[in-house]
Amino acid sequence: MSDHVSDPATEVFAAHRNLLFTVAYEMLGSAADAEDVLQETWLRWVKVDLGQVSDQRAYLVRITTRQSLNRLRTLQRRKEAYVGQWLPEPLLTAPDVAEDVELAESVSMAMMLVLETLSPTERAVFVLREVFDVGYDEIATAVDKSPAAVRQIAHRARRHVDARRPREVVSASRTRAALESFRRALDTGDLQGFLDVLAPEVVLVGDGGGIKQAAVRPILGADKVARFMLGGLGKNKLPITVAPTVVNGSPALLVHLDGEIDGVMAFRFEDGLITGLYYVRNPQKLTRVASETPLTLR
């Protein structure tokens with residue numbers, strides 16, 4: 001195709017692509033599956049008579065939602081057969097994502113894990129209503145439910161999420177300070193340094209996907225988490241570097257082992273302490289931490 005010639009369908013899709021990817025990713029927790037959903041959305045979109053579409057954004061979001069729901073069922077079967085714990089695929093995000101508080105919270109690892117506890121329809125309704133502010137009638141069309149049913153589902157999903165989401169928005173400066181303390185404890189092998197920054201009820205979840213070594217079950221409690229970190233990365237014979245980064249709109253740590261990406265550590269903070277530590281080591285989930293993925297709510 002010439003650089004100077006483009007058809008209207010392509011232009012509209014390109015204009016909304018980042019939004020559609022964000023919708024699909026928030027519903028699936030997998031960038032690879034979100035990309036597949038976008039391909040399926042595109043194949044359906046090019047067959048649409050644009051003259052009959054009054055709201056192109058809403059129409060594209062509707063197609064994406066339906067394709068995401070279809071994909072969720074397939075993804076659920078994969079998760080059931082997954083080796084060890086399953087974590088969302090981390091994305092390296094641009095500074096503007098971190099600056100958008102609403103967007104950053106909605107794609108944070110902690111929130112993505114909360115969304116995992118919803119049913120596929122509840123997740124779709126919650127994401128569309130609470131994150132993207134889609135109207136109940138439009139959501140009803142997307143999920144094949146009545147508007148009244150969608151309102152009930154939205155209420156139930158909101159209550160479920162509110163009971164599990166972080167209780168406070170931690171300031172960026174406190175988050176950076178806690179993360180730097182954690183990194184320093186890791187560098188120096190300082191047990192007390194870990195205990196000073198980990199909440200007593202901290203939970204560590206590792207995801208190696210059966211490819212890399214990771215904790216098979218969540219590890220609970222500051223002392224156990226600290227000793228696990230010291231016994232793993234802290235005693236590794238290969239050269240290790242841990243650098244600050246931003247994944248899913250939140251401060252994180254990128255771990256290199258012998259010069260190769262080994263994993264990403266994402267965190268959940270409450271009261272200035274780390275309450276959740278999510279370590280993704282599965283190489284298949286680390287393809288999006290080298291270059292930024294654009295996300296948007298609009």
Side-chain angles (χ1 to χ4, degrees), residues 18-19 21-31 33-34 68 85-118 122-124 126-133 157-158 160-180 182-183 197-199 201-207 218 244-255 263-282 285-286 288-289 292-298:
N18 292 347
L19 167 70
F21 177 87
T22 309
V23 171
Y25 175 74
E26 291 208 21
M27 286 186 60
L28 300 169
S30 163
D33 286 281
S68 295
Q85 301 296 305
W86 187 95
L87 287 171
E89 185 175 350
L91 308 177
L92 182 68
T93 46
D96 61 339
V97 174
E99 290 162 9
D100 186 331
V101 174
E102 188 179 1
L103 175 57
E105 189 207 13
S106 72
V107 297
S108 70
M109 194 68 77
M111 178 57 78
M112 295 293 285
L113 284 170
V114 172
L115 295 180
E116 284 293 316
T117 64
L118 298 172
E122 285 175 338
R123 186 167 183 169
F126 180 86
V127 166
L128 292 178
R129 181 62 191 165
E130 298 298 317
V131 180
F132 296 95
D133 198 29
R158 190 183 308 119
H160 180 95
V161 170
D162 285 345
R164 290 162 177 80
R165 75 200 316 165
R167 292 188 295 272
E168 64 165 340
V169 176
V170 183
S171 71
S173 59
R174 290 182 74 190
T175 297
R176 282 194 297 271
L179 209 55
E180 181 54 34
F182 180 91
R183 187 162 72 107
V197 77
L198 296 173
E201 71 280 8
V202 63
V203 179
L204 182 152
V205 181
D207 180 346
T245 186
V246 177
V247 298
N248 292 52
S250 302
L253 295 175
L254 184 61
V255 181
V264 169
M265 291 184 194
F267 300 85
R268 171 173 172 158
F269 297 92
E270 293 184 47
D271 299 323
L273 296 175
I274 296 169
T275 57
L277 199 172
Y278 315 109
Y279 190 15
V280 180
R281 295 192 72 204
N282 183 348
K285 293 186 177 181
L286 298 175
R288 293 285 186 132
V289 295
E292 292 175 355
T293 298
L295 301 173
T296 183
L297 298 182
R298 294 157 192 89

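Positions are given from 1 along the sequence. All values reported here derive from a predicted model rather than from experimental measurement.
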Approximate separation, where rounding is to 0.5 Å, of [X] [atom1] and [Y] [atom2]:
X	Y	atom1	atom2	result
E270	R165	CD	CZ	12.0 Å
L295	F21	CG	CZ	6.5 Å
L103	D96	CG	CG	8.0 Å
F132	S106	CZ	OG	6.0 Å
L91	M109	CG	CE	8.0 Å
F267	L179	CZ	CG	5.0 Å

Looking at every non-hydrogen atom in both residues, tell me the closest pair between [X] and [Y] and how far apart they are.
X	Y	result
A252	V247	CB-CG2, 3.3 Å
A178	G272	CB-O, 3.8 Å
S250	S108	OG-CB, 4.0 Å
V280	P88	CG2-O, 4.0 Å
P218	V203	CB-CG1, 4.0 Å
V127	L115	CG2-CD1, 4.1 Å

Tell me whether [X] contacts the main-chain N or O of [Y] through its side chain, where contact means a donor paired with an acceptor under 3.5 Å.
X	Y	value
S68	A24	no
Y25	E89	yes
R123	M27	yes
K285	L87	yes
T22	L297	no
N248	V107	yes
R174	D271	yes

Practice prompt. Mind running side chain to side chain contact (heavy atoms under 4.5 Å, CB included) on D100 and R298 for me, showing each step along the way?
Written response: CA-CA 12 Å; D100 186 331; R298 294 157 192 89; 3.4 Å; yes
Counting C-beta onward and ignoring hydrogens, is there a side-chain heavy-atom pair between [X] and [Y] closer than 4.5 Å?
X	Y	value
V289	L254	yes
V131	M111	no
P90	M265	no

Fill in: CA sep, side-chain torsions, deciding dist, call: F269, I274, side chain to side chain contact (heavy atoms under 4.5 Å, CB included)
CA-CA 5 Å; F269 297 92; I274 296 169; 3.5 Å; yes
